[in-house]
Structures are given as C-alpha cells and as structure tokens.
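Structure first, then comments.
Because only heavy atoms are used, hydrogens play no part in the values below, and waters and symmetry mates are left out as well, while side chains stay in. Letters go in sequence order (proteins before strands), and every chain restarts at 1. All values reported here derive from a predicted model rather than from experimental measurement.
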There are 2 protein chains.
Amino acid sequence: MKVKATDIGQMASASEVIFEALREAITQGEVKEGEALRQDRIARMFNVSRIPVREALTRLEEQGLVSTQRYRGAVVSSLSIAEIEEVFEFRALIEPEVLRLAIPRMSEAALARAGDFAASFASEPDSARWGELNRRFHYALYEDSARPYYLSTINAALDRVDRYSRAQLVLTDGMARAQREHEQILAAVVARDADQAAALTREHILAAGRSLVDFLSRSRAGEKAVLAG
Amino acid sequence: MKVKATDIGQMASASEVIFEALREAITQGEVKEGEALRQDRIARMFNVSRIPVREALTRLEEQGLVSTQRYRGAVVSSLSIAEIEEVFEFRALIEPEVLRLAIPRMSEAALARAGDFAASFASEPDSARWGELNRRFHYALYEDSARPYYLSTINAALDRVDRYSRAQLVLTDGMARAQREHEQILAAVVARDADQAAALTREHILAAGRSLVDFLSRSRAGEKAVLAG
DNA sequence: ATATTGCAAATTGGATCCAAAAAATAGATG
DNA sequence: CATCTATTTTTTGGATCCAATTTGCAATAT
C-alpha cells in the first residue's frame, strides 16, 4: 500500500493518513478478504505507534470494511454473494433518485465534467483506475442534487463492493458495456429527461450487479472445486 | 447518562460500553447539540483512561453523531433543517421498499410483535421511550426482509434525527397521529397488501418529517428572536 | 475603557508500558 | 504416529506519561 500523506491534506493527523491508506488498500483489493491487519505491522509501516493504527481500524470497522473479534484482531471483511447483491440493490434504489433530483439543477460545468470522465475511460489503460473514474463520473452527475447524506451513503456502498468489481471488469466485457451505458445516461441527462436518466441508471447498476454476482458465483465455485480436488 | 454495562453484553469491552452509552445519550437528547464531549470528563465518569473514550468518540464521529476539530475536541453535531429534511427523505425512499420486500416472507411471530409494539404506545406514559417503541415497531415489520444492509442504514438515519423528534412528539399531537398511521400500516400488512403498506409507510415518514421541520422552524425562529431581543 | 500581548491552564494526539487473552510450539502420553 | 496438555510467543485492550496546540486570563499599552 502507498503512503502519501501529501495527497490527503497538509495537516492530516497520523490516524487519518493511515485510515485513508488502509481504506484505499482494501477497496482497491490490495489486501485480500480475510487477511489479518496486525496493528504492530501497520504501525511499523508508517513509523508510528499502535495508537493511531487502532483509531484507523476502529473507523474501518465502523464502516464495515473490517471486522474485529476481541483479542483476535481485525480482518478484511468478506461479503457473501447475497450481501454484494444487497449493496447493488441498494444503489439501484438510491442513485436513480439522486440523479433525478440533480437534473433540474445541474450546472453545465458538472455536466461537462461528467462527459470528460465518461470519455476518459476509453483512453485509460490502467484497470486499477477504472473504479475511481466510474465513481467520479457518477459523482459529477449527482453532486448538484444537494443531497450530501445520500452521497455519503452511496460512497459507503461503493467502498464495500468496489474491490470485487475490478477482476470482473478486466476479465469480462463489463467495462465496454459500462461505457456504452454511461453514454446513454449522459445523453438522457443532456436532454434533461429525468425519468429516462433515472431508469437507465437503475438498469446500469442492476446489470453491473448481475454481472458481478454471476462472475463471483462462477469463480467461487471454481475455487471450491480446486480446494476439493 | 446511564452507565449500565450489563445491558450491553457480558464481555463487552470498555470502549463498546462507552460508545453505546454516549450514542444513547446523544440520540435521546440528554447531551445537547453543540455540547463539548471532553475525553477526561467522560473517562472519569466510567472510571477508565481516555483511550477507550477516544475509541468511542472515533466511532461516533464515523457515524456522524459528533464532529471533531484537531485539538479542539468532539462536539455533538447539530443538523440544519435541510439536513434533517434530507434524512427523512432518505427514510421515505428506503423504508417502504424494505417493507415491500418483507411482506411476502413475514412470519406471524414478527407481525404479532409489531402489533404488540403498536399497542404499547397507548400505555406508555414515558415519552423518552416512544422513540425506542417506534423503532421496534418498524423494525419488527422490516426484519423479515432479510436486508441487513438496508436495516443498518435505517438505524443510522434514525440515530441522526431521533433526538429532534422527542420534544415535537410531546408538544404536538404528533404521537397520536403516528399511532393512527401505525394501525393503518399494520392493517395493510395483515392484508398482505404490499403496495398499500409501502405507500402508507412513505406517507407516514414524510408526514413525520414535515411536522418535525415545521416544529423546528418555529422553535429555532423563536430562539433567534429571543437572542436578538 | 478597549485592544493587545504574554503566560498559565486545559485539552488533545501520540508514545511507551503493562496485563489479559489467544495462537503457536514443544513435550508427554496413549 | 496421533493426540492431548503445558508453556512460550504474539497480539490486543487499556493505563500512564509526554509533547503540541488551543483557550482563558491577566497585565500592559493605547
């Protein structure tokens, strides 16, 4: 995991830096699910004591990204397929509504930014950055909704499932399909057709969820077969 | 605030006990918004050092119940009227959907429990317990939805706004109206009419939100007048 | 009287240390 | 050789201590 304090803010406390680094590492899939996060090891990584590490782990646990058992330490939480499905179902309920609320008040600047992010997918070879680009594209469309609470719940939901999407996007045609759907959503937003944009967003999220669940079902079944055989 | 470790669980760590006690105290309105939560004072209350207190405050900050500035300590976050409106709007989007999902699979036991909670409002003189009864009533209706993530977001939303509702329920007829609406929702659920139950739940939440926002607008305007005059 | 500067008290973030619990390892026993 | 038990090692939750920062107050200047 990368340690870059400057990216986070000039006067960020150690625990904030560690929290952001760990959150990034988990959502990016750099630390695998079930992997133990030892306080002492992380503390040495950052040249600090275990105190700020514990604060970071507490935050991560509150966000549901790690789970902790008394005296047994923190492990990256692994979501069942049902739990992943639920997060996509949740997003499919929330995000179309936020987009609907944003459209009447959307600035040209935000719309242009969304267009730039949508276009940048095509020229981005690093699959590790697709998740971030996707998030920024949708965020640009949502931000003028003036609904900070909704946006925070969307971000929390994305943090939970992002790490599962990466492999699927690389190994299937998921990325190409997502790009096409982004263009369709964008066209509906440009036309200020809130109903259409919301419906397309809902389908976009549900389709992504179905693809991911399908992909994970296959790969997890494969893992079990390997382990058994 | 009450310190009752036994209520929370046999082997709960100190920080968990403190977290629950502070969360309860904040959501119940026992500590006022803007009030500073001094680590040392809380530590002495519970006869522990500041370390577990800091962990509890970290959790509360992650949940949005307190906000912290470096070296300036934690204060109970105060929500603007717009933010309170947003939470009710969010609940009005989520909760009807959860109820809709729960109805086809709802057990008789859960339905009976919801009925008991609905009835218990009438005989509960302590207004401090109304919020909890309300939460349990709705939770009984939602729990068979098998959507733990939705339920956790609903609980987080309720934690944010519960403390604002108490005074309003006592000083207006909000409680009586809520009771009537609960009975109507219950009837729709008994009839397994998911559309009707969802619509009633949405209206129930939106009406509660409107009442609360109206009440707070008046009382905050009054406060300003007092401060100015 | 009011604004300003300097110092002391209060408060927090973090380091170091300690005790309790769990995991790992070695030894005894069938 | 496998299994159970005792002991050592790891690891965590919490206590105590320290340094950095803010806040409150008093003395001073205007």
**Report entry** Residues that B/Ser77 engages under side chain to side chain donor-acceptor pair (under 3.5 Å), provided they are two or more places apart
**Finding:** none
Query raised in the report: Which nucleotide in the set D/dG14, C/dG14, D/dT12 lies at the smallest distance from any side-chain heavy atom of A/Gln39?
Result: D/dT12
Query raised in the report: Is there a donor and acceptor pair, one atom on the side chain of A/Arg50 and one on the base of C/dG14, closer than 3.5 Å?
Result: no
Query raised in the report: Quick one: A/Arg44 CZ to C/dA15 P, roughly how many Å, whole number?
Result: 14 Å
Query - Nearest-angstrom distance from the residue atom CD of B/Gln69 to C1' of C/dT12 - result: 13 Å
Query raised in the report: Which whole-number value in Å describes the distance from B/Asp40 CG to D/dC17 C1'?
Result: 14 Å
Query raised in the report: Is it the case that B/Thr58 and B/Glu55 place a side-chain donor and acceptor less than 3.5 Å from each other?
Result: no
Query raised in the report: Can you find a side chain N or O atom of B/Ser15 that sits less than 4.0 Å from OP1 or OP2 on D/dG13?
Result: no
Requested in this report: Tell me, please, which residues at least two apart from A/Glu85 pass salt bridge (charged side-chain N to carboxylate O under 4.0 Å, His left out).
Outcome: none
Query raised in the report: A/Arg70 CZ to C/dA23 P: how many Å, rounded?
Result: 13 Å
Query - Nearest-nucleotide pick for B/Thr68, side chain only, options being D/dG13, C/dG13, C/dG14 - result: C/dG13
Query raised in the report: B/Leu57 has an atom CG; how far is it from atom P of D/dG14, in whole Å?
Result: 14 Å
Requested in this report: Verify the distance criterion only: is there a donor paired with an acceptor across the side chains of B/Tyr142 and B/Glu95 at less than 3.5 Å?
Outcome: yes
Query raised in the report: Whole-Å distance between C/dG13 C1' and A/Ile18 CD1?
Result: 12 Å
Grab the N/O contacts between the protein and nucleotides 23-25 of chain D below 3.5 Å, and write none if there aren't any.
from   : atom 1 : to      : atom 2 : distance (Å)
D/dT23 : OP1    : B/Arg72 : NE     : 3.4

Requested in this report: Confirm from the modelled atom types if A/Arg54 and C/dG14 form a donor-acceptor pair under 3.5 Å, side chain to base only.
Outcome: no
Query - Test side chain to side chain donor-acceptor pair (under 3.5 Å) applied to A/Glu33 - qualifying residues, sequence neighbours left out - result: A/Tyr164
Query raised in the report: What is the distance, rounded to the nearest whole Å, between atom CZ of B/Arg38 and atom P of D/dT22?
Result: 14 Å
Query raised in the report: Can you name the residues that form a side chain to side chain donor-acceptor pair (under 3.5 Å) with A/Ser123, not counting sequence neighbours?
Result: none
Query raised in the report: The side chain of B/Ile51 lies closest to which of these nucleotides: D/dA15, C/dG14, D/dG13?
Result: D/dA15
Query raised in the report: For B/Ile42 and D/dG14, what is the distance between atoms CD1 and P respectively, to the nearest whole Å?
Result: 15 Å
Expected list for residues 21-29 of chain A: side-chain donor-acceptor pairs under 3.5 angstrom, two or more places apart:
from    : atom 1 : to       : atom 2 : distance (Å)
A/Arg23 : NE     : A/Glu20  : OE1    : 3.4
A/Arg23 : NH1    : A/Asp159 : OD1    : 3.0
A/Arg23 : NH1    : A/Asp159 : OD2    : 3.0
A/Arg23 : NH2    : A/Glu20  : OE1    : 3.1
A/Thr27 : OG1    : A/Arg23  : O      : 3.0
A/Thr27 : OG1    : A/Glu24  : O      : 3.2
A/Gln28 : OE1    : A/Arg166 : NH2    : 3.4

